[in-house]
Amino acid sequence: MSENNQEAIDILEEQFTKLPKEKLAAFATRLALRFLPSLCEPSPTRKIPFSIWTKAQRANNLIVFFRILNSSVMQALGRDKTDFDQILPQAQRVKARVNRSHQSGKDMSDADMACTAILLAGMTASYFPSYTKAAAMVSCIKPKFMGDLEKTEEVNDLEDARTPYGKQLATEIKLLHDESVSAEAFLQHPLWDCDPPEQWKSSCIEFEKGLSSLGNGFEIWRRWYSNFLQGNPLDDQLLNKIHDLPEEIIAQGAIATNAYIAARLRQTAIKPLNRVRVIFIGYGDSGKTSLIKVLHGEPVVEGREPMTPGIDIREWQVPDTEIKAHFWDFGGQVMVHATHQLFLRSSCLYVLVVNARAEISATEQAQYWLEHVRSFGGNAPVMVVGNRIDQADLNIDMGLLREKYQNIVGYYPLSCTQAQGRFASHANTFRDAFRREVLAISTHQVMFTEEQFEVLQELRQLTRKQSFLPKQEFDQICNSHGVSLDPVQGRRWLLDVLDKLGVIIHFPQLPFADGYVLNPRWLTYGVYKLMYGQKARIDINDIVRLLSDEKVIDEAGNELRYPSDKCRLIMDAMREFKLSYPLGDDEKTIIIPALLPAEQAVIKFDKSAGLSFEYSFDVFLPRHIFPQLIVGRHQEIFEECVWQTGVHFKSGVFDASALITADYHARKISIWVIGSNAKEYLAVLRDDLDAILQRIDVAYQEYVVLPENARLNLEQRMPLNIEKAPYRQVLAYASRGEFEYISISGNIYDIAIVLGNVVTTKRQKLDMINQIKVYGGVVNMGNSTGNKSINVANSAISGSIVAADDVANSFNLSAGSVELEKLKQLVEALQSRVNELKTSAPPDSAGDVLEISADTNVLVNEVSAEKPSESRIRRRIDGILSAAKSIGVAGLPVLEGAVAIKELLS
């Protein structure tokens with residue numbers, strides 16, 4: 001890069017850093033809008049619009065990107081309240097899905113550059129520092145403007161630029177520094193002041209055609225883009241309708257999202273539900289129920305409030321509005337934490353109540369529950385309330401919590417028992433802030449058509465009389481109010497939205513669910529009644545006995561009845577949510593893992609004889625993860641060996657069994673697997689856990705054991721404890737073609753063997769390890785002493801055993817020995833053959849050649865060392881043999897050289 005070019009880039013970065021955030025957002029948005037047509041770039045092999053993604057991904061991915069850009073526009077206008085912490089990760093995942101055919105070569109493709117520019121536009125509205133945004137913008141500008149930058153001594157000289165990109169950049173910079181031009185006026189300026197490049201014109205035409213080809217209402221987004229393209233006045237109505245999309249609608253996918261926006265623009269969907277859910281969370285006895293009484297203006301007496309059994313629901317009329325808030329008061333007892341996944345949502349307000357008198361520190365209490373929200377509620381806003389400040393000082397590190405959980409919208413210390421006394425001002429401050437937050441949530445309400453709203457009103461009336469609604473009756477109600485069978489916004493759409501909103505609940509996949517639960521309180525009470533029953537094994541007769549004689553009154557004064565023919569639905573719902581599993585072939589009896597005995601069962605399982613893998617959670621191990629794993633594989637539970645925090649599985653497919661434990665104090669799940677197919681079974685179990693974890697947002701790390709048979713520096717003292725390494729870090733080394741991993745204690749391990757123990761061929765492709773061949777099999781995980789044998793069965797070399805008994809000191813490698821000198825000659829000859837292979841090997845063998853070359857270099861260094869390691873030499877030879885066999889005929893000379901060395905060592 002020329003000196004002038006670097007100087008111009010430095011000036012650009014400095015200028016961007018000093019811009020007001022609104023103009024910076026406007027510039028980044030315009031930059032992304034110019035790149036946007038490149039998303040339609042066809043791949044080298046497929047001339048299909050938006051082929052950078054799979055067919056199933058295209059529509060939804062585009063909407064994620066359009067939403068990012070729309071929110072960036074709102075940020076530039078100073079109107080946006082969107083929290084980008086939630087939408088930016090979605091956009092990053094969309095960018096990561098770009099087909100690899102578009103990412104080949106050293107330079108970014110135009111499509112990949114468009115993805116980067118769109119992410120950058122979102123970054124301008126987030127917490128990224130200005131210098132990061134500036135540097136990122138320049139990285140997007142450089143590929144297109146490099147030619148003009150290299151011809152200039154200063155950025156201002158760009159007005160003499162020759163390329164359209166350089167000319168446009170000069171115009172943009174002038175507008176950025178013109179104080180009379182607002183961010184809004186800048187946004188409404190045409191994307192091109194000069195004649196655009198011919199290639200861009202062509203891409204733009206293809207982009208519009210591509211949107212049309214998608215159908216499903218994408219005409220809305222064509223209109224959205226055309227406004228910016230032509231410099232039209234901003235369409236506030238369209239911008240706002242997109243910005244106010246409820247999560248319940250977005251979750252339905254592209255077709256439903258586009259149809260909903262269209263209905264809002266036509267003003268046919270104008271009736272709000274006027275119901276907002278507020279969820280109160282915290283440990284038992286923190287004061288959640290008391291705080292709800294404070295909001296209702298009711299007095300609270302110390303020691304008079306009973307613990308909430310499960311979930312209590314109350315309504316609260318938001319003052320001076322037509323909106324009703326539904327308060328969900330969650331029981332804080334640990335046994336029911338696994339059930340929270342059923343009811344926590346993102347489109348609601350959370351109130352976290354922390355107890356000043358609790359034995360657990362206030363900061364730890366808050367972190368535990370904030371992780372609950374992050375896992376199940378996404379980026380939903382959280383109000384933190386410190387209760388009982390009249391009895392103890394609340395020592396809570398809000399600085400740490402605000403930095404880590406940016407969805408915290410306020411902290412409010414108060415005393416529920418003194419809310420009408422000496423701490424009344426604290427309660428009033430909270431009440432006012434609470435009202436503001438509820439109203440803020442209500443701006444994202446789902447809007448209904450008149451016909452849909454009439455159906456909703458009739459359902460509300462029925463709720464007072466019955467808890468269930470047969471499907472046929474629901475269809476009749478829809479027919480009477482003109483809600484059609486239209487697949488986009490008809491009765492199925494309405495049913496799905498009402499289910500997501502918690503108005504009614506339906507389980508289309510359950511065999512006994514021939515209708516809908518009209519009153520969600522019926523289901524929540526039933527589930528929690530079973531959980532508080534403290535019986536891990538329960539049958540349908542027990543459920544009928546527990547519930548049929550109950551007289552339960554809900555928050556609206558309606559009596560909930562549990563007829564025996566409906567109790568089966570509660571059992572099936574618990575199985576559907578993976579809270580329980582059937583006992584053998586008995587469909588009428590279930591086991592609830594969360595209620596199993598806490599004491600570990602007595603089992604015979606040699607952990608040291610198998611493979612090991614670990615999931616370590618940063619702050620919080622959600623209580624539902626381990627029970628879901630048990631439920632998902634309950635048919636493989638070995639001899640009923642299962643307890644609250646552990647299970648013994650025996651595979652029905654592989655010759656392998658596994659012991660899995662959850663340690664909630666240490667926040668980790670550990671897996672040990674033994675058997676001849678241990679690696680394959682471990683892969684299956686990891687797939688199960690990964691699938692569960694992908695459904696929530698929780699921070700965790702994966703660790704792989706560093707086995708003794710992979711240690712290369714055997715001349716050093718053996719580590720006292722089994723060592724572990726971050727799995728993703730080891731993968732990163734492997735993907736870069738590295739062959740050795742140095743542990744925290746300084747020991748050196750062979751990456752191929754470490755990963756070979758736990759990585760199947762399928763997982764190797766999934767994790768994109770393409771620079772190194774992994775191998776391995778049954779391995780001694782323990783730290784054995786002396787010169788005991790280390791067997792590596794099923795290796796890459798025709799399944800033979802590659803490590804001899806008494807591996808160490810079985811060959812004379814002392815300085816000046818005849819064997820060592822002979823070995824040096826063979827290694828030198830091998831290196832010569834490897835150099836010839838580099839020029840003769842077929843192109844598709846590049847990875848194998850790279851591995852052979854790296855292993856040979858290690859051999860050369862090893863035989864020249866003061867104390868050569870025989871085990872390291874053997875492992876490198878095994879790697880060379882495996883890779884050379886993969887190459888075929890061209891690899892035969894290297895294969896012969898490696899075999900000669902192996903025979904000498906034998």
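Just so you know, these numbers use all the heavy atoms, side chains as well, and skip hydrogens, waters and symmetry mates.
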Trainee: Around E179, counting heavy atoms of other residues, nucleotides and ligands shown, do more than 12 lie under 6.0 Å from its CD?
Mentor: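 Result for CD/E179: open.
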
Trainee: Taking the inter-plane angle between the rings of F448 and W493 on a 0 to 90° scale, is it parallel (under 30°), tilted (30 to 60°) or perpendicular (over 60°)?
Mentor: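 Ring orientation, 0 to 90° scale: perpendicular.
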
Trainee: Taking atom types as modelled, is there a side-chain donor on Q252 or D496 under 3.5 Å from an acceptor on the other?
Mentor: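 Present: a donor and an acceptor within the cut-off.
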
Trainee: Over all heavy atoms of both residues, which pair between V483 and G490 is shortest? Give the atoms and the distance, please.
Mentor: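 Minimum heavy-atom separation between V483 and G490: CG1-C, 3.9 Å.
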
Trainee: What's the verdict on side-chain contact (heavy atoms from CB on, under 4.5 Å) for V318 and E322, showing C-alpha distance, side-chain angles and the deciding distance?
Mentor: CA-CA 7 Å; V318 181; E322 296 180 0; over 6 Å; no

Trainee: Using the side-chain contact (heavy atoms from CB on, under 4.5 Å) rule, take W221 and L69 through it: C-alpha gap first, then chi angles, then the decisive distance, then the call.
Mentor: CA-CA 11 Å; W221 301 105; L69 290 171; over 6 Å; no

Trainee: For the CZ atom of R264 and the CD atom of Q267, what is their distance to the nearest 0.5 Å?
Mentor: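 One finds 8.5 Å between CZ of R264 and CD of Q267.
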
Trainee: Quick one: list whatever passes side chain to side chain donor-acceptor pair (under 3.5 Å) with E371, sequence neighbours left out.
Mentor: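 With sequence neighbours excluded, E371 shows a side chain to side chain donor-acceptor pair (under 3.5 Å) to R374, Y405, given in chain and number order.
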
Trainee: Do L62 and L211 make a side-chain contact, defined as non-hydrogen atoms from C-beta onward lying under 4.5 Å apart?
Mentor: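 The answer is yes; the side chains approach within 4.5 Å.
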
Trainee: Can you tell me how the ring of F207 sits relative to the ring of F50, calling it parallel under 30°, perpendicular over 60° and tilted otherwise?
Mentor: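 Ring orientation of F207 relative to F50: perpendicular.
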
Trainee: How long is the gap from CD on Q701 to CZ on F617, to the nearest 0.5 Å?
Mentor: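 Going from the CD atom of Q701 to the CZ atom of F617 covers 10.5 Å.
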
Trainee: With side-chain contact (heavy atoms from CB on, under 4.5 Å) as the criterion, how do R34 and Q168 come out once you've worked through the C-alpha distance, each side chain's angles and the decisive distance to 0.1 Å?
Mentor: CA-CA 11 Å; R34 274 191 291 274; Q168 189 59 41; 3.9 Å; yes

Trainee: Specify the closest pair of heavy atoms between Y260 and M447, including all atoms of both residues, with the distance to one decimal.
Mentor: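 Looking at all heavy atoms of both residues, the shortest contact is OH-N, 2.7 Å.
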
Trainee: Please determine whether side-chain contact (heavy atoms from CB on, under 4.5 Å) holds for the pair R30 and F228, giving the CA-CA distance in whole Å, both sets of side-chain angles, and the decisive distance to 0.1 Å.
Mentor: CA-CA 8 Å; R30 288 171 58 82; F228 293 101; over 6 Å; no

Trainee: Please report the shortest heavy-atom distance between S213 and P49, naming the atom on each side.
Mentor: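 Looking at all heavy atoms of both residues, the closest pair is OG-CG, 4.2 Å.
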
Trainee: Tell me whether H189 contacts the main-chain N or O of A185 through its side chain, where contact means a donor paired with an acceptor under 3.5 Å.
Mentor: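 Answer holds: no.
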
Trainee: On a heavy-atom basis, which atom in A25 and which in S72 lie closest, and how many Å separate them?
Mentor: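 Looks like CB-O, 4.2 Å.
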
Trainee: Just wondering, do L498 and L494 contact through their side chains at under 4.5 Å, heavy atoms?
Mentor: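 L494 vs L498: side chains touch.
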
Trainee: For residues C204 and L229, determine if any side-chain heavy atom of one lies less than 4.5 Å from a side-chain heavy atom of the other.
Mentor: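 Side chain of C204 against side chain of L229, heavy atoms only: contact under 4.5 Å found.
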
Trainee: Nearest 0.5 Å please: distance from the CZ atom of R435 over to the OG1 atom of T321.
Mentor: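 If we round to the nearest 0.5 Å, R435:CZ and T321:OG1 are 6.5 Å apart.
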
Trainee: Just how far is it from atom CH2 of W200 to atom CG of L36, taken to the nearest 0.5 Å?
Mentor: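 Separation between the atoms: 9.5 Å.
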
Trainee: Given 3.5 Å as the limit, does a donor-acceptor pair link the side chain of R277 with the main chain of H326, or not?
Mentor: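 No.
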
Trainee: Are side-chain heavy atoms of V409 and P381 found at a separation under 4.5 Å?
Mentor: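 V409 reaches P381 side chain to side chain.
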
Trainee: Going from CZ on R436 to CE on M383, what distance comes out if it is rounded to the nearest 0.5 angstrom?
Mentor: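 It is 7.5 Å, given to the nearest 0.5 Å.
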
Trainee: Check whether any side-chain N or O of N240 sits under 3.5 Å from a backbone N or O of D236 as a donor-acceptor pair, and report yes or no.
Mentor: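 Judged by distance alone, yes, a pair lies under 3.5 Å.
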
Trainee: With distance as the sole test, does E437 use its side chain to make a donor-acceptor pair with the main-chain N or O of Y350 at under 3.5 Å?
Mentor: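 Answer holds: no.
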
Trainee: Would you say NZ of K201 has more than 12 non-hydrogen atoms from neighbouring residues, nucleotides or ligands within 6.0 angstrom?
Mentor: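 More than 12 heavy atoms, drawn from other residues, nucleotides or ligands, come within 6.0 Å of this atom.
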
Trainee: With a 4.5 Å heavy-atom cut-off, do L693 and Y700 have their side chains touching?
Mentor: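 L693 vs Y700: side chains touch.
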
Trainee: Using ring pair (Phe, Tyr, Trp, His ring centres under 6.0 Å) as the criterion, list what pairs up with F434, not counting sequence neighbours.
Mentor: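 Residues passing ring pair (Phe, Tyr, Trp, His ring centres under 6.0 Å) with F434: W316, F327, F430.
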
Trainee: Between R223 and D235, does any NZ, NE, NH1 or NH2 come within less than 4.0 Å of an OD or OE carboxylate oxygen?
Mentor: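 Judged by the 4.0 Å cut-off on N to carboxylate O distance, D235 and R223 do form a salt bridge.
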
Trainee: List for me each residue that meets salt bridge (charged side-chain N to carboxylate O under 4.0 Å, His left out) alongside K324, sequence neighbours excluded, and say none if there are none.
Mentor: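 Scan of K324 (salt bridge (charged side-chain N to carboxylate O under 4.0 Å, His left out), adjacent residues dropped) gives E315.
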
Trainee: Ignoring hydrogens and angles, state whether a donor on the side chain of S484 or D486 is under 3.5 Å from an acceptor on the partner side chain.
Mentor: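 Result is no, nothing qualifies.
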
Trainee: Between the side chains of S212 and R222, does any donor sit under 3.5 Å from an acceptor?
Mentor: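 There is such a pair between these side chains.
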
Trainee: Can you confirm whether L234 sits close enough to Q188 that some side-chain heavy atom of one is under 4.5 Å from a side-chain heavy atom of the other?
Mentor: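 The answer is yes; the side chains approach within 4.5 Å.
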
Trainee: Does the side chain of V698 reach to within under 4.5 Å of the side chain of V619, using non-hydrogen atoms?
Mentor: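 Not in contact.
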
Trainee: Measure from the side-chain N and O atoms of S38 to the backbone N and O of A114, and report whether any donor-acceptor pair falls under 3.5 Å.
Mentor: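 No, because the side chain of S38 does not come within donor-acceptor range (under 3.5 Å) of the backbone of A114.
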
Trainee: Are the side chain of Q230 and the backbone of N227 linked by a donor-acceptor contact shorter than 3.5 Å?
Mentor: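 Not at all, since once roles are kept as given, no pair shorter than 3.5 Å links the two residues.
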
Trainee: Establish, from distance only, whether the side-chain atoms of N70 and W224 form a donor-acceptor pair under 3.5 Å.
Mentor: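 Side chains of N70 and W224: pair found under 3.5 Å.
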
Trainee: Mind checking whether L485 and R492 have side chains closer than 4.5 Å, heavy atoms only?
Mentor: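 Heavy-atom side-chain distance check fails, nothing below 4.5 Å.
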
Trainee: Considering residues, nucleotides and ligands other than L273, do more than 12 of their heavy atoms fall under 6.0 Å from its CG?
Mentor: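 Yes, enclosed.
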
Trainee: Nearest heavy-atom pair of F186 and V181: which atoms, and what distance?
Mentor: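 Closest pair (atom of F186, atom of V181, distance): N-CG1, 3.9 Å.
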
Trainee: Distance from H372 atom NE2 to I279 atom CD1, nearest 0.5 Å?
Mentor: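 One finds 11.0 Å between NE2 of H372 and CD1 of I279.
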
Trainee: For residues L176 and K23, report the shortest heavy-atom separation together with the two atoms involved.
Mentor: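 In terms of heavy atoms, the two residues are closest at O-NZ, 3.0 Å.
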
